[in-house]
Amino acid sequence: MDLTPTILDLARKLTSPALIVDLGEVRRRYEAVRRALPGVAVYYAVKANPHPAVAGTLRELGCGFEVSSVAELELALAAGAGGPGIISGNPVKTPDFVSRAHAAGVRGFALDSPAEVAKLAKGASGTEVYARVTVDNSGSEWPLSRKYGVGPVEAVELLANARDAGLTPAGVTFHVGSQCVRAESWLDALGVCREVFERASGRGLDLTALNLGGGLPVRHTRPIPDLDAVGSAVMAYLREQFRPDLRVSVEPGRALVGEAAILVTTVIGVAERASERWVYVDAGVFNALMEATGGIRYEIVAERPGARAPCVLAGPSCDSVDVISSDALLPDVRVGDRLYVLNAGAYTLSYASSFNGFGPPEVVLLP
Ligand SMILES: Cc1ncc(COP(=O)(O)O)c(C=O)c1O
């Protein structure tokens with residue numbers, strides 16, 4: 001979403017901090033993912049931005065939802081999705097969520113442990129399950145690998161156990177890591193999935209489905225691979241290496257909403273400390289930009305013109321973790337100046353807390 005004169009005009013009138021969300025851009029991003037991955041069922045990972053208007057907009061286009069908690073399930077149902085339009089990619093779920101999702105007709109749960117096989121067999125008997133495999137996350141700016149996943153041998157073991165426990169072993173799921181900037185990561189991951197399919201067939205398991213997870217990146221300050229190029233490489237690999245009637249799904253979060261919002265923030269302080277310039281703004285890592293702590297580097301535009309010089313950009317709270325960037329490039333900004341954080345639609349609202357009394361940005365929707 002560009003900082004056009006119209007957006008600037010609107011932004012100037014808003015109380016800071018604010019998140020301007022362009023629902024038209026959400027629609028365009030959804031269509032772009034559909035075009036890049038033809039025939040692949042898209043389930044929006046609600047965690048990226050759980051605003052009901054975002055969910056409603058995607059639902060109108062026929063998008064499904066990936067949910068991990070009771071609150072996300074309720075959001076998807078309220079948006080009008082039926083159970084078959086919802087899946088859960090979280091490999092470790094609460095028992096309460098499992099039974100409520102099953103009762104709502106959710107089809108398709110990820111798992112990666114014997115404990116989860118037992119939990120799903122108890123709370124969601126007969127349901128389709130996907131083994132979450134570990135794949136290389138080195139191309140990701142927000143890696144997810146250590147917490148979840150198993151190797152191909154264990155994946156087949158879990159799927160066989162799931163069958164014996166009365167579940168339906170459907171296939172495999174993975175996550176290349178969020179904001180994945182390495183296009184080959186998806187092909188490497190598909191290689192791991194292919195091994196699971198082969199081993200499963202040797203065990204008499206007929207796997208029919210593959211979930212490509214999330215990870216599709218958005219524009220920040222570093223180059224990202226072209227969505228269509230990733231899509232055509234993935235589609236070619238699927239055609240060549242998997243059964244023709246494979247059911248394929250994808251669960252993007254960031255890619256559908258990241259580029260659909262601009263964060264409006266205001267300079268609340270400037271200081272010189274140990275010969276470094278510090279700039280403090282009213283939207284920091286606790287109330288909007290949590291992903292800055294993991295290395296996501298946002299593009300930040302100051303309204304004030306002038307040569308840009310390095311500074312430490314920090315949030316409003318008293319905590320020293322609240323640093324957005326240690327080497328931001330900004331002009332000689334003053335208290336009261338507005339700064340605009342571009343492409344800030346993903347994992348900003350959903351991570352935001354009111355720590356220290358600084359609340360999340362107010363959301364302003366553009367149709
Ligand atoms: C299971 C699962 N699916 C999908 C996503 C969405 O990932 P992304 O926003 O990188 O597309 C996540 C993110 O954490 C996830 O954990």
Side-chain angles (χ1 to χ4, degrees), residues 26 29-30 32-34 36-37 40-51 54-55 58 63-69 72-73 75-76 86-94 97-98 101 106 108-113 116 129-150 171-183 185-186 189 193 209-220 222 224-225 227 230-231 234 248-261 290-291 294-296 343-351:
V26 172
R29 298 315 301 162
Y30 173 74
V33 170
R34 296 273 298 157
L37 294 166
V40 173
V42 181
Y43 296 87
Y44 169 53
V46 168
K47 58 180 81 72
N49 184 330
H51 195 286
V54 170
L58 287 167
C63 186
F65 296 95
E66 187 280 317
V67 304
S68 293
S69 60
E72 289 187 351
L73 171 68
L75 178 75
I86 306 175
I87 57 172
S88 179
N90 182 356
V92 180
K93 297 160 279 300
T94 65
F97 168 69
V98 169
V106 171
F109 295 84
L111 56 78
D112 66 356
S113 64
E116 204 68 10
V129 293
Y130 292 69
R132 164 91 169 245
V133 289
T134 309
V135 299
D136 181 11
N137 269 216
S138 62
S140 148
E141 291 182 6
W142 191 267
L144 303 166
S145 52
R146 196 168 80 90
K147 193 170 175 189
Y148 297 120
V150 290
V172 185
T173 185
F174 62 85
H175 202 303
V176 291
S178 203
Q179 186 69 8
C180 180
V181 297
R182 184 177 164 270
S185 292
W186 278 273
C193 297
L210 180 64
N211 184 298
L212 303 168
L216 293 168
V218 304
R219 285 176 299 144
H220 289 304
R222 299 174 183 138
I224 60 168
L227 175 62
V230 171
V234 165
V248 188
S249 52
V250 66
E251 45 191 45
R254 191 183 296 280
L256 297 184
V257 293
E259 294 185 12
M290 210 281 260
E291 285 198 317
I296 299 286
N343 299 335
Y347 302 107
T348 41
L349 283 183
S350 45
Y351 276 141

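Side chains included, hydrogens not; waters and symmetry mates left out as well; all remaining heavy atoms used. First listed ligand is number 1; within each ligand, the first listed atom is number 1. Just so we're clear, the structure is a prediction, and the values are computed from it rather than from any experiment.
- Heavy atoms of Ser178 found under 4.0 angstrom from ligand 1 belong to the backbone as well as the side chain.
- Here's the thing with Gly215: one of its N/O atoms is less than 3.5 angstrom from an N/O atom of ligand 1.
- Of the options Glu141, Arg132, Lys47, Gln179, the smallest heavy-atom separation from atom 16 (O) of ligand 1 is shown by Lys47.
- The atoms of ligand 1 that sit less than 4.0 Å from any heavy atom of Pro252 are 11 (O).
- Listed by chain and number, the residues in a side chain to side chain donor-acceptor pair (under 3.5 Å) with Ser69 amount to none (sequence neighbours excluded).
- Residues Val67 and Leu75 are not in side-chain contact: their nearest non-hydrogen atoms beyond the backbone lie 4.5 Å or more apart.
- When each of Leu58, Leu212, Val250, Leu37 is tested with Val42 by the rule side chain to side chain contact (heavy atoms under 4.5 Å, CB included), just one qualifies, namely Val250.
- Of the protein's heavy atoms, Tyr347 OH, 2.5 Å lies nearest to atom 9 (O) of ligand 1.
- An N or O contact shorter than 3.5 Å is missing between Asn90 and ligand 1 by distance.
- Contact atoms of ligand 1 toward Gly214: 7 (O), 11 (O) (distance under 4.0 Å to a heavy atom of the residue).
- Ring pair Phe97/Phe109 is perpendicular by interplanar angle, where above 60° counts as perpendicular and below 30° as parallel.
- Atoms of ligand 1 lying under 4.0 Å from any heavy atom of Gly253, numbered from 1 in the order shown and given with element: 6 (C), 8 (P), 9 (O), 11 (O).
- Nearest-residue assignment for atom 7 (O) of ligand 1 (options Lys147, Arg254, His175; heavy-atom criterion): His175.
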